[in-house]
Amino acid sequence: MTAHGDDVRDGDAHAGTAADPQSSDGISIPEPQDRARSIPEAAVARLAVYLRVLSGLHEREVHTVSSEELAVAAGVNSAKLRKDLSYIGSYGTRGVGYEVAVLIGQIERTLGLTQQNRVAVIGIGNLGHALANYGGFPSRGFPVTALFDLDPDLMGVPVGGIPVDHVDDIPRVCAERDVTIGAIATPAKGAQEVCDRLVRAGVRCILNFAPVVLQVPEEVEVRKVDLAVEMQILSFHVARRSQEAPEPPDSGDAGAGAPQSENRDVNTGDNPVDGMVVRP
């Protein structure tokens, strides 16, 4: 169990642990390595969000959290959260919910965060500089330990305390510094060549910021971050909201005897509701 309690809180499932072969209901719980293989990609992304929320609770010395509270903070429904946490063998405790510190440990083990993953950034332009100087990486177990570029003026220049090496040195430097993740922040033209060098260096996980689809062997995992695409998606939502916005009433209808709008202001009249937006 992650915690102990006698009362039943709605929404918290029966207790169970990651180490037990069976839950309290007799349901078989897979071993940790089997669980990791069975977790859907979308659930992995949500586990990272839960970890961020839980870390914030831990910093505020909050020791337990219910599934409903954690779900609201993470922006999901409680049923989905309990399903996601069941993949890692965490079932909460009746009347208490989840023990924050224990759940952080379970998620960190599942996400492979119990050991550091050293990061190399390739392409030291504006984005590369930002990645190299971002303090959130080392604090979460992803220290940037190598930087690469083609510009001769950058060679040996420290960025974020790390000297820049030439891309030709990727195999040697990545091996020496045990790099496990490569972040490609180059223009599209050179991204594939950089990717090939990382793969030859034994790097099997790549974060790609370049606007190009990379070709990699099956054993290499690539995550693409295209900020322009994200902006285009947001543009779609802006356009859709503007199309759905109600047209302003004709000023000619404001005179006496004009019919009142069905969408009355909820903050006026006999029963005002402060701060609420009502959409018909």
Side-chain angles (χ1 to χ4, degrees), residues 1-18 23-25 27 29 32 35-36 38-114 134-137 139-142 223 225 227 230-231 233-238 240-241 244-245 263 265-267 271-280:
M1 293 185 180
T2 56
H4 298 283
D6 297 321
D7 299 330
V8 176
R9 181 189 295 230
D10 286 342
D12 287 328
H14 296 347
T17 68
S23 70
S24 60
D25 292 330
I27 300 173
I29 300 175
R35 291 193 208 111
S38 68
I39 301 177
E41 190 78 14
V44 173
R46 290 192 294 270
L47 286 175
V49 175
Y50 304 151
L51 180 59
R52 183 187 65 204
V53 173
L54 289 164
S55 297
L57 293 174
H58 185 69
E59 290 173 0
R60 300 199 302 271
E61 299 185 354
V62 176
H63 301 297
T64 59
V65 62
S66 72
S67 59
E68 289 83 358
E69 292 166 339
L70 183 53
V72 169
V76 301
N77 63 63
S78 57
K80 180 173 290 185
L81 177 136
R82 290 193 298 273
K83 176 66 174 177
D84 291 340
L85 296 183
S86 72
Y87 288 121
I88 65 173
S90 186
Y91 293 86
T93 301
R94 294 181 178 184
V96 177
Y98 297 93
E99 194 170 318
V100 171
V102 173
L103 189 52
I104 286 175
Q106 290 175 321
I107 296 177
E108 286 182 339
R109 285 192 295 274
T110 301
L111 297 180
L113 300 177
T114 53
Y134 178 52
F137 287 150
S139 66
R140 296 186 181 184
F142 300 94
R223 298 289 297 180
V225 181
L227 299 180
E230 298 302 322
M231 291 294 185
I233 293 172
L234 289 174
S235 175
F236 163 78
H237 289 291
V238 170
R240 186 176 66 176
R241 287 176 181 271
E244 293 175 349
N263 300 329
D265 187 345
V266 297
N267 288 323
N271 298 301
V273 184
D274 292 336
M276 181 178 291
V277 177
V278 176
R279 296 185 177 87

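When a residue number appears, it is its place in the shown sequence, counting from 1.
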Any idea which heavy atoms bring [X] and [Y] closest together, and the distance?
X: Leu113; Y: Arg140; answer: CD2-O, 4.4 Å
X: Ile88; Y: Ile39; answer: CG2-CD1, 4.1 Å
X: Ala73; Y: Val53; answer: CB-CG1, 3.6 Å
X: Tyr98; Y: Ser66; answer: CD1-C, 4.5 Å
X: Leu47; Y: Ile107; answer: O-CG2, 3.7 Å

Could you work out, with side-chain hydrogen bond (donor to acceptor under 3.5 Å, both in side chains) as the rule, every residue matching Arg240, not counting sequence neighbours?
His237
Test side-chain hydrogen bond (donor to acceptor under 3.5 Å, both in side chains) applied to Glu41 - qualifying residues, sequence neighbours left out
Arg223
Would Leu70 and Leu103 count as a side-chain contact (heavy atoms from CB on, under 4.5 Å) here? Give the steps.
CA-CA 11 Å; Leu70 183 53; Leu103 189 52; 4.0 Å; yes
What pairs with Leu227 under side-chain contact (heavy atoms from CB on, under 4.5 Å), at least two apart in sequence or on another chain?
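Residues passing side-chain contact (heavy atoms from CB on, under 4.5 Å) with Leu227: Val225.
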Set of side-chain contact (heavy atoms from CB on, under 4.5 Å) partners for Ala79, sequence neighbours left out
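With neighbours one apart ignored, the set is Asn77, Arg82.
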For residues 43-54, which residue pairs pass the side chain to side chain donor-acceptor pair (under 3.5 Å) check, not counting sequence neighbours?
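For residues 43-54, and leaving out neighbouring residues, the side chain to side chain donor-acceptor pair (under 3.5 Å) pairs sorted by first residue read Arg46-Asp84, Tyr50-Asp84.
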So CD of Gln106 and CG of Leu54: to nearest 0.5 Å the spacing works out to 10.0 Å
Sequence neighbours excluded, the answer for ring pair (Phe, Tyr, Trp, His ring centres under 6.0 Å) partners of Phe137 is Tyr134
Any donor and acceptor pair, going by atom type alone, linking the side chain of Ser55 with main-chain N or O of Leu51 inside 3.5 Å?
yes
